[in-house]
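First the structure, in the form of structure tokens, and then the observations on it.
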Amino acid sequence: QVQPVESGGGLVQDGGSLRLSCAASGRTFSVHAVGWFRQAPGKEREFVAAINWSGANTYYSDSVKGRFTISRDNAKNTVYLQMNNLEPADTAVYYCARDRNVYSGIHSDPFEYDYWGQGTQVTVSS
């Protein structure tokens, strides 16, 4: 069993920065891609960013490209999401999830992810 746990959310002003962490307990993340998703009130969950198992490949949604950076430290079984130049539209609950495939490429479809964290709230004030 894998239980991702997100941390690092909070309240920040427009233009500010936050760094989210996703740590896995139980079985390792290290051979799986990991993705970040977010869900704002009244909206569907949307893909934000993903990183492959080695960290060599990353992929971002157009809405965050150039502002967010995903990275991982497999020795610590942790994936990070550095969020810069935050905007009120980034306000949402952010979730990390493990790709169900081993040594796979990157997926943006939530169906490809099997274990999800409980989420961390990010609020950007204008």
Would you please test H107 and D99 for side chain to side chain donor-acceptor pair (under 3.5 Å) and show each step?
-> CA-CA 8 Å; H107 300 105; D99 193 299; 2.6 Å; yes
Start with the C-alpha distance between H32 and V102, add both sets of side-chain angles, then the distance that settles side-chain contact (heavy atoms from CB on, under 4.5 Å), and finish with yes or no.
-> CA-CA 5 Å; H32 296 263; V102 175; 3.6 Å; yes
Full working for side-chain contact (heavy atoms from CB on, under 4.5 Å) between Q121 and T91 | CA-CA 8 Å; Q121 176 70 46; T91 295; 4.0 Å; yes
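Legend: ring-ring contact (aromatic ring centres under 6.0 Å, His included) pairs involving residues 67-105, not counting sequence neighbours, sorted by first then second residue: W53-Y103.
With contacts defined as side-chain heavy-atom distances shorter than 4.5 Å, the pair V124/Q13 does not qualify. Counting heavy atoms from C-beta outward, V122 and L20 have side chains that approach closer than 4.5 Å. At least one side-chain heavy atom of P88 sits less than 4.5 Å from a side-chain heavy atom of D14. Within the 4.5 Å cutoff, no side-chain heavy atoms of V93 are placed close to those of R45. Contact of the I106 side chain with the I51 side chain is not registered, since no non-hydrogen atoms from C-beta on lie closer than 4.5 Å. Taking 4.5 Å as the limit, some side-chain heavy atom of R67 sits within range of a side-chain heavy atom of D90.
Listed here is the closest heavy atom pair of A50 and Y113: CB-OH, 3.6 Å. Of all non-hydrogen atoms in L86 and L18, the two that sit nearest each other are CD1-N, 3.9 Å. For T78 against S21, the heavy-atom pair with the smallest separation is CG2-CB, 4.3 Å.
Both Y60 and V34 belong to a single network of hydrophobic side chains, linked directly or stepwise wherever heavy atoms of I, L, V, M, F, W or Y lie under 4.5 Å apart. Connection of V79 to V48 is established within a shared hydrophobic cluster, with ILVMFWY side chains joined at heavy-atom distances below 4.5 Å, either directly or through further cluster members.
The backbone N or O of L11 sits nowhere less than 3.5 Å from a side-chain atom of T123 that would complete a donor-acceptor pair. No donor-acceptor distance shorter than 3.5 angstrom exists from the side chain of D109 to the backbone of E112, with no hydrogens or angles considered.
In this structure, OG in S17 is found 7.5 Å from CG in N85, a value given to the nearest 0.5 Å. Rounding to the nearest 0.5 angstrom, the gap separating the CZ atom in F37 from the OG atom in S61 is 10.5 Å. Interatomic distance, CE of M83 versus CZ of R38, reported as 9.0 Å (0.5 Å rounding). Put simply, CZ on R19 and OG1 on T69 are 11.0 Å apart, with the number rounded to the nearest 0.5 Å. From S30, atom OG reaches atom NZ of K76 across 15.5 Å, with rounding to the nearest 0.5 Å. Going from atom CD of E6 over to atom SG of C96 covers 4.0 Å, rounded to the nearest 0.5 Å.
With sequence neighbours left out, Y59 forms a ring pair (Phe, Tyr, Trp, His ring centres under 6.0 Å) with F47.
Note that R98 lies outside the cation-pi zone of W116, set by a 6.0 Å cut-off to the ring centre and a 45° limit from the axis.
Surrounding CD of Q118 are at most 12 heavy atoms belonging to other residues, nucleotides or ligands under 6.0 Å away.
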